[in-house]
Amino acid sequence: MPNDSEDVFRLLIDKMVGRYMGKNAKRGISYTWVPNHIQDTNGEIAPRAFLKCFAFAAEAMLNNENDISSLEGERILLPTRLQGAVEKVSIDRVNELTQEEYQWLKNLILLLNKKSMLMEKTEFLGYLSPENWPVEERGKLPGKSNIEILETLKTLGIVMETADERINIPEIYLHGFGLKRKGGIKRPKYLK
């Protein structure tokens, strides 16, 4: 069982998932893959999201007999199921935020639904305009302008601005906001 030793924890992940997320390091190293995909733009990882990623992957595998028979060696989780679980973790994490402290995000989720990341800053600022919120909800916004709202989203680790002034949203929030990312590998859907 893991303790404070990074080496022991790495060995645990290697035994559970295998060393790589595919046949080799090209798809990612398992030990760093999950944290890299569930951290916010501030590099923070919600412990609940980390644990749920593994729980959702295991749940999906239990619902699919082919997954169990395709396990190799000592593995107990398929990397593809972890990849699929990230989508559900994202939705779960955004639901936590909107039900707890940040209910004003619900309207932003509706505005961004089915849009693609990365997004030009001017386009993103258009979605953040307070006029896009119902009049009765504008007083609950974390700012009086789209720039102030953007700064709040940056502080919360939900968005980041790239060097070429585009807006990016990390994967922990991407799916929960109903967003897509251009390119990359297609993730398996989480089985309910």
Side-chain angles (χ1 to χ4, degrees), residues 1-102 105 109 112-113 116-118 153 156-160 168-192:
M1 287 303 292
N3 53 25
D4 290 342
S5 167
E6 184 176 340
D7 291 335
V8 173
F9 190 68
R10 182 185 306 268
L11 182 61
L12 174 69
I13 297 297
D14 287 355
K15 290 239 183 243
M16 284 179 22
V17 184
R19 184 173 173 121
Y20 304 118
M21 292 298 287
K23 293 193 183 295
N24 54 42
K26 188 175 181 180
R27 292 268 169 118
I29 297 171
S30 300
Y31 175 72
T32 56
W33 191 92
V34 172
N36 288 344
H37 284 77
I38 62 169
Q39 67 185 347
D40 66 16
T41 61
N42 296 325
E44 300 287 325
I45 299 172
R48 199 180 317 174
F50 182 80
L51 293 173
K52 283 183 178 182
C53 191
F54 288 94
F56 291 153
E59 181 181 34
M61 286 188 63
L62 289 172
N63 291 328
N64 187 330
E65 288 180 24
N66 292 334
D67 284 354
I68 305 298
S69 63
S70 65
L71 286 171
E72 298 171 355
E74 297 178 337
R75 287 184 182 183
I76 59 172
L77 289 175
L78 291 173
T80 54
R81 287 299 175 197
L82 278 174
Q83 293 166 342
V86 167
E87 183 176 337
K88 186 164 188 209
V89 169
S90 173
I91 293 166
D92 192 67
R93 179 71 181 133
V94 170
N95 284 338
E96 285 176 4
L97 290 177
T98 59
Q99 291 171 5
E100 294 169 6
E101 296 180 58
Y102 308 105
L105 287 172
I109 292 167
L112 294 175
N113 190 37
S116 292
M117 282 291 135
L118 301 169
L153 290 170
L156 293 173
I158 295 174
V159 304
M160 67 176 286
N168 190 19
I169 293 182
E171 202 158 357
I172 187 65
Y173 299 116
L174 186 79
H175 306 288
F177 273 83
L179 292 161
K180 300 178 274 184
R181 189 173 314 284
K182 293 179 183 174
I185 61 169
K186 185 173 179 166
R187 301 208 181 284
K189 294 286 182 196
Y190 175 79
L191 295 177
K192 294 183 180 178

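Just so it is clear, the structure is predicted and the values come from calculations on it, not from any experiment. Heads up: numbering here begins at 1 and tracks the sequence.
- Nearest approach of G22 to R27, heavy atoms of both residues: N-CB, 3.9 Å.
- The two residues A85 and C53 come nearest to each other via the heavy atoms CB-O, 3.4 Å.
- To the nearest 0.5 angstrom, I158 atom CD1 is 8.0 Å from I169 atom CD1.
- Within the 3.5 Å criterion, the main-chain N or O of K88 finds no donor-acceptor partner in the side chain of D92.
- Here the closest non-hydrogen pair linking S30 and G18 is OG-O, 2.7 Å.
- Atoms CD1 and CG, from I29 and N36 in turn, are 9.5 Å apart once rounded to the nearest 0.5 Å.
- Using cut-offs of 30° and 60° for the angle between ring planes, the Y173 and F177 rings count as perpendicular.
- The side-chain heavy atoms of L153 and Y102, taken from C-beta on, include no pair separated by under 4.5 Å.
- Taking CG of L78 as the start and CG of D67 as the end, the distance is 5.0 Å to the nearest 0.5 Å.
- Residues P35 and F50 form a side-chain contact, since some pair of their non-hydrogen atoms from C-beta on lies under 4.5 Å apart.
- No side-chain heavy atom of D40 sits less than 4.5 Å from a side-chain heavy atom of L156.
- In this structure, the side chain of R75 engages the main chain of V17 through a donor-acceptor pair within 3.5 Å.
- Distance CZ/R81 to CG/N63: 9.0 Å, rounded to 0.5 Å.
- Across all their heavy atoms, V89 and I172 have their closest contact at CG1-CD1, 3.6 Å.
- A heavy-atom distance below 4.5 Å is not found between the side chains of H37 and L82.
- The shortest non-hydrogen separation linking D14 to R19 is OD1-CA, 3.7 Å.
- Residue E100 qualifies as enclosed at atom CD: its count of foreign heavy atoms under 6.0 Å is above 12.
- Distance check, rounded to the nearest 0.5 Å: CE of M61 to CG of N66 gives 10.5 Å.
- Note that CZ of R93 is 10.5 Å distant from OG1 of T98, once rounded to the nearest 0.5 Å.
- In terms of heavy-atom proximity, W33 sits nearest to G28 at CD1-CA, 4.4 Å.
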